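Notes to accompany the following structure.
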Amino acid sequence: MTQHDNRSIENRFATIAVGAAETERRPHRGGTSDVVPPIHLSTTFEWASGDNANEHDYSRESNPTRAALEEQLARLEGGEHALAFASGMAATSTTILSLVPPGGHLVSSDSIYSGTEKLLTELAAGHLNVDVDFVDARDPENVAAAVNSDTDLIWAETPTNPLMRLCDIQAIDDIADDHGILFGVDSTFASPYFQAPLELGADVVVHSTTKYLNGHSDSIGGAIITNDERVFEQLAFAQRVGLGNMLSPFDCYLVARGVKTLPARMEHHETNAMAVARFLESHDRVARVYYPGLESHPQPCE
Ligand SMILES: *Cc1c(COP(=O)(O)O)cnc(C)c1O
């Protein structure tokens, strides 16, 4: 995998990873000058006056620890808005079920994370009568052929879990733009360190923070990041008002802490994964290795 070059990884990305949750001097710091966002467990917040809430009112709607993490995630992904969810599936289902109406049409890449596939087939198609087309998105022509005037959303997971299939985000975004429809990307496996879907034109990026973003196997969580104000309002309403599937303050703290080491961890993951992949590929008892860094991968990296 290659890093997105136009962001000067060493300086900018790593600096954001370490400091973005802490740079804002928010009123809730209460003059204590914390350099780490405190874990705010309060469910309710005092009002400034009888008819004026302060920045936060009720923690389902917004919470200072969650706001700090959301700002950190938005900045890492190069986006305006982020929402932190109780799981990757909560982020994915909120995105898909909010942006595709019952009876609507969704085109999704195939061979995706099994939970997402079940969400699409059993909940979206089975329960809400959404017409779901799975296509091999490694070739954008397959996506173009499945999109029609009724399509509400194109969904792509790249790299896919677990077969590491890749798709061309920019080429698929062109198709979405041609039809004036939204394009969402599950970028969990690349993390914001290796892939920046918003810069390539995607409207919504989803992560399971459970994986690389938190990175310590001690928190289930998810996130969406978008630059689209209307999409953000729609998803924030679904999360904060309708579904209530936000990440708890303690988990927000864990993810914000995990994200600080994302750049260092991803460098090691890449080096180690390459060594393991090469070892397995040369092993006579291994039939096939799926890893995008290998020359033998069906879609070698340029
Ligand atoms: C793990 C995973 C999810 C689901 O995330 P949870 O946090 O387990 O709900 C979604 N997409 C991908 C690519 C994943 O690897």
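We count ligands from 1, going down the list as the structure has it; atoms in each ligand are counted the same way. Remember, predicted model here, so these are calculated numbers, not experimental data.
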Any protein N/O atoms within less than 3.5 Å of an N/O atom in ligand 1? List the atom names and distances, or say none.
from	atom 1	to	atom 2	distance (Å)
ligand 1	5 (O)	S208	OG	3.0
ligand 1	7 (O)	G88	N	2.9
ligand 1	7 (O)	S208	OG	2.8
ligand 1	7 (O)	T210	OG1	2.6
ligand 1	9 (O)	G88	N	3.1
ligand 1	9 (O)	M89	N	2.9
ligand 1	11 (N)	D186	OD2	2.7
ligand 1	15 (O)	N161	ND2	2.9
ligand 1	15 (O)	K211	NZ	2.7

Discussion item. Can a side-chain donor-acceptor contact be found between D133 and H105 if the only test is distance below 3.5 angstrom?
Written reply: yes
Fill in: Pair R75 + E71, salt bridge at N-O below 4.0 Å
no
Discussion item. Between Y290 and H297, is the ring centroid distance below 6.0 Å?
Written reply: no
Discussion item. Quick check: closest heavy atoms across L83 and E70, and the distance to 0.1 Å?
Written reply: CA-OE2, 3.3 Å
Worksheet entry | Close side-chain approach of L262 and S191, heavy atoms under 4.5 Å | yes
Worksheet item: Could D168 and R138 be called an ion pair, given the rule that one side-chain N must be under 4.0 Å from one carboxylate O?
Response: no
